[in-house]
Amino acid sequence: MPEILEAETARLLIEKRALNREIISVDARDAWYLKQGLTPRAARAALPGRKFVAARRRGKQLFLDTDGDGPVVGFHLGMSGRVVIDDAAAGDPLLYASNRDVKDWYRFSLGFADGGQIALRDPRRLGAVVFDADEDRLGPDALELTRDQLRTAVATSRAPLKAVIMDQHRIAGLGNLLADEALWRSDLDPARSANSLTATEQARLHRTIRTTLRTLGRRGGSHTGDLMVARVPGGMCPRDGAPLRRRTVGGRTTYSCPVHQV
DNA sequence: GATGACCTGTGA
DNA sequence: TCACAGGTCATC
């Protein structure tokens, strides 16, 4: 996904199009896609006759509440998953992932009594469907992040700053592109140890995460950052023209400006 | 904490 | 054929 902005787009689509429609069938043809002990049989036993009554999100994860004593259905989009309702796919085309509509990529779908359907289409199969996930394993949602929460997240770890803000247990929602963009806008080196930030830098990072999410959300997604155009080998910093540095930080490909990110 | 594993498609 | 991909998990 699919970072927090795409997850929110998917949540909005679900909220608008999938609530209060009676589920009558379950197509869990890819049993591997069901995680945390969920089986196709259990899904078929639990969902028909129910409807979704709320679509919630924390970080990149989606939680669909069902009526009565039904399960909370968790959707996780992995690297390439998208929510498709009837014939509408949520969000902009994904980079780094195919957007073709291939039948084989429908890993999980639910049919509605009115003839429509909600489905997860995921070429890479790194997403998941779960029931009744432990939502509190995730940290505070990045879109609602307070300054105190940011301070707590970074002050308690000496891991690289980027690894810490991408750690879903500490802050839920930031992925590789958003983390690079926010750090680039914050003038902070992704490899610095998180607990080395001064109070001023923490405040700046907090403010920047918020404005980055707001701005890129308005533009249409995680791939619309200013750094994206330069996020290629040999790319130049859009702000000061310096050659960008490309390396691995926190296990992920990372682009940063050696001149203004310190 | 860094690393490799999971899985599959795409483009060089 | 290879490197690489907006994510997470277990393991050294």
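Please read these numbers as outputs of a predicted model, since none were measured by experiment. Residue numbers start from 1 in every chain, and the chains themselves are labelled A, B, ... in the order their sequence lines are given, proteins ahead of strands.
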Problem set entry | Of all pairs that satisfy salt bridge (Lys or Arg N to Asp or Glu O under 4.0 Å), the ones with a partner from residues 252-262 of chain A, not counting sequence neighbours | none

Phosphate OP1/OP2 of [N]: any [X] side-chain N/O under 4.0 Å:
X      : N     : answer
A/Q168 : C/dG7 : no
A/R125 : B/dT8 : yes
A/H76  : C/dG7 : no
A/S80  : C/dA5 : no

Counting distance only, does the side-chain N/O of [X] pair as donor-acceptor with the main-chain N or O of [Y] below 3.5 Å?
X      : Y      : value
A/Q261 : A/C257 : yes
A/R219 : A/T224 : yes
A/T9   : A/L5   : yes

Please report, rounded to the nearest Å, how far the [atom2] atom of [N] is from the [atom1] atom of [X].
X      : N     : atom1 : atom2 : result
A/R137 : C/dG7 : CZ    : P     : 16 Å
A/R247 : B/dT3 : CZ    : P     : 14 Å
A/I4   : C/dG7 : CD1   : P     : 12 Å
A/L161 : B/dA2 : CG    : C1'   : 17 Å
A/I171 : C/dT8 : CD1   : P     : 14 Å
A/D180 : C/dA5 : CG    : C1'   : 14 Å
A/M79  : B/dG9 : CE    : C1'   : 12 Å
A/L34  : B/dC7 : CG    : C1'   : 16 Å

Choosing from [options], which nucleotide comes nearest the side chain of [X]?
X      : options              : value
A/W105 : B/dC7, C/dT8, B/dT10 : B/dT10
A/R107 : B/dT8, C/dT8, C/dA5  : B/dT8
A/P160 : B/dG9, B/dA2, B/dC7  : B/dA2
A/R124 : B/dG1, B/dC6, C/dA5  : C/dA5
A/K60  : C/dT8, C/dA5, B/dG9  : C/dT8

Problem set entry | Side-chain hydrophobic cluster, 4.5 Å single linkage: members besides A/L138 | A/F63, A/V72

For this session: Using the P atom on both, measure B/dT10 against C/dT8 and round to a whole Å.
Result: 22 Å

For this session: Provide the distance between the two P atoms, one in B/dG9 and one in C/dC9, to the nearest whole Å.
Result: 23 Å

Problem set entry | Identified pairing partner of B/dC7, criterion: Watson-Crick or G-U wobble below 3.5 Å | none

Exercise. NA contact type, A/T253, heavy-atom cut-off 4.0 Å: base, sugar-phosphate, or nothing?
Worked result: sugar-phosphate

For this session: Let me know, please, whether A/L5 or A/H169 comes out on the 5' side of the other along DNA chain C by nearest nucleotide.
Result: A/L5

For this session: Determine the sole option in A/D101, A/D27, A/D30, A/D122 for which the side-chain hydrogen bond (donor to acceptor under 3.5 Å, both in side chains) test with A/Y106 is passed.
Result: A/D101

